[in-house]
Amino acid sequence: MTTRRILIIDDEYDIRAVAQLTLKTVGGWEVSIASSGHEGLSKAANEQPDVVLLDVMMPDMDGIETFRALQANPATQSIPVILMTAKVQAAEQRRFAELAVAGIITKPFKAMKLPEQIAKLLDWS
């Protein structure tokens with residue numbers, strides 16, 4: 001069985017820490033983290049994760065801008081991206097869905113259910 005590799009890009013330390021711990025212990029996956037869009041772009045290109053969990057609201061380079069940069073780079077454009085957001089308005093959800101992301105996980109998320117949510121969105125068995 002191949003171990004899945006996940007990159008979390010989120011500017012909030014607590015979110016990164018909880019998600020990283022849960023994905024490692026419950027999901028059994030390798031997890032790397034980035035605290036900004038710029039750092040995430042570099043790590044995604046170098047590490048080639050199986051999926052990127054991407055926070056929408058970040059300073060400097062937000063999640064949408066980061067997603068577009070991932071899509072524009074041939075080295076990262078095929079990596080699935082799941083947005084993590086507290087923006088739950090229907091119009092915002094439709095806008096995110098139009099981006100062709102692999103899925104959307106709403107914050108706050110239930111940490112123990114996070115690996116299951118990701119596996120379901122990506123059809124990982």
Side-chain angles (χ1 to χ4, degrees):
M1 184 174 131
T2 303
T3 300
R4 304 289 186 173
R5 294 172 295 120
I6 298 178
L7 172 61
I8 302 168
I9 304 173
D10 197 311
D11 64 313
E12 294 180 52
Y13 172 82
D14 293 343
I15 299 292
R16 289 193 314 268
V18 167
Q20 182 179 30
L21 179 64
T22 302
L23 296 174
K24 280 183 175 180
T25 58
V26 178
W29 300 329
E30 292 179 15
V31 182
S32 63
I33 57 173
S35 60
S36 70
H38 293 290
E39 182 184 6
L41 292 174
S42 176
K43 285 196 168 191
N46 292 331
E47 298 174 7
Q48 294 292 301
D50 295 303
V51 65
V52 172
L53 293 186
L54 178 59
D55 183 27
V56 172
M57 295 190 325
M58 296 187 292
D60 300 325
M61 182 179 214
D62 70 14
I64 304 305
E65 188 177 352
T66 303
F67 174 75
R68 289 190 172 125
L70 287 167
Q71 292 296 294
N73 183 344
T76 57
Q77 66 187 182
S78 64
I79 299 171
V81 174
I82 297 174
L83 295 178
M84 294 193 304
T85 182
K87 294 185 172 190
V88 294
Q89 299 293 323
E92 293 164 332
Q93 295 284 320
R94 280 193 300 275
R95 186 176 133 236
F96 298 149
E98 291 171 358
L99 293 173
V101 293
I104 299 169
I105 293 176
T106 305
K107 288 182 178 179
F109 55 85
K110 293 187 178 188
M112 297 304 285
K113 298 262 183 194
L114 189 58
E116 180 183 324
Q117 282 183 285
I118 293 168
K120 186 174 180 181
L121 287 169
L122 298 172
D123 199 26
W124 289 353
S125 52

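Only this structure's heavy atoms are used, side chains among them; waters, hydrogens and symmetry mates stay out.
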- line: On a heavy-atom basis, the closest approach of G37 and M61 is C-SD, 3.7 Å
message: For a 4.5 angstrom cut-off between non-hydrogen side-chain atoms, does V51 reach L122?
response: yes
Shared hydrophobic cluster, L54 / V31 (ILVMFWY, side-chain heavy atoms < 4.5 Å): no
field: Distance in Å, Q117 CD paired with T106 OG1, rounded so as to fall on 0.5 Å steps
entry: 8.0 Å
Side-chain donor or acceptor of E47 paired with backbone N/O of S42 under 3.5 Å: no
message: Any side-chain to backbone donor/acceptor pair from Q48 onto A75? Under 3.5 Å, distance only.
response: yes
- prompt: How many angstroms lie between atom CG of L7 and atom CD of Q20, to the nearest 0.5 angstrom?
  reply: 10.5 Å
Any donor-acceptor N/O pair, D62 side chain to V56 backbone, under 3.5 Å: no
Joint cluster assignment, L70 & I33, ILVMFWY side-chain distance < 4.5 Å: no
field: Single-linkage hydrophobic cluster, 4.5 Å side-chain cutoff, L23 and F109 together
entry: yes
- request: Using a strict 4.0 Å threshold on nitrogen-to-oxygen distance, state whether K107 and D55 make a salt bridge.
  value: yes
Flag side-chain contact, heavy atom, 4.5 Å: T76 against L41: no
query: Is it true that F67 and I15 fall in one hydrophobic cluster, defined by side-chain heavy atoms closer than 4.5 Å?
result: no
message: Would you say that T22 contacts K113 through its side chain, given a criterion of any heavy-atom pair below 4.5 Å between the two side chains?
response: no
- prompt: Is there side-chain contact between V81 and L99, with heavy atoms separated by less than 4.5 Å?
  reply: no
message: Pair E65, D60 - check side-chain contact (heavy atoms from CB on, under 4.5 Å), show working.
response: CA-CA 10 Å; E65 188 177 352; D60 300 325; over 6 Å; no
- request: Write down the atom of F96, the atom of I104, and the distance for their closest heavy-atom approach.
  value: CB-CD1, 3.5 Å
statement: Correct closest heavy-atom pair for P49 and A44 would be CD-O, 3.6 Å
message: Check for me, please, whether L83 and L53 land in the same ILVMFWY cluster - side-chain distances under 4.5 Å, paths through other members count.
response: no
- prompt: Is any side-chain heavy atom of W124 less than 4.5 Å from a side-chain heavy atom of D50?
  reply: yes
field: Over all atoms of both residues, closest heavy-atom pair of I82 and A102
entry: CG1-CB, 4.2 Å
query: Got a second to check how far I6's CD1 is from S32's OG, nearest 0.5 Å?
result: 9.5 Å
query: Does a side-chain heavy-atom distance below 4.5 Å link V18 with L114?
result: no
query: Which heavy-atom pair separates R16 from A34 by the least distance, and what is that distance?
result: CD-O, 3.5 Å
message: Looking at R5, I want to see if its CZ is surrounded by more than 12 non-hydrogen atoms of other residues, nucleotides or ligands under 6.0 Å.
response: yes
query: Near M57 CE, under 6.0 Å, is it more than 12 heavy atoms from other residues, nucleotides or ligands?
result: no
Test side-chain contact (heavy atoms from CB on, under 4.5 Å) applied to L121 and I105, step by step: CA-CA 9 Å; L121 287 169; I105 293 176; 4.0 Å; yes
- prompt: Taking E92 for the side chain and Q89 for the main chain, is one N or O donor matched with an acceptor at less than 3.5 Å?
  reply: yes
- prompt: Do I9 and M58 come within less than 4.5 Å of each other through their side chains, counting heavy atoms only?
  reply: yes
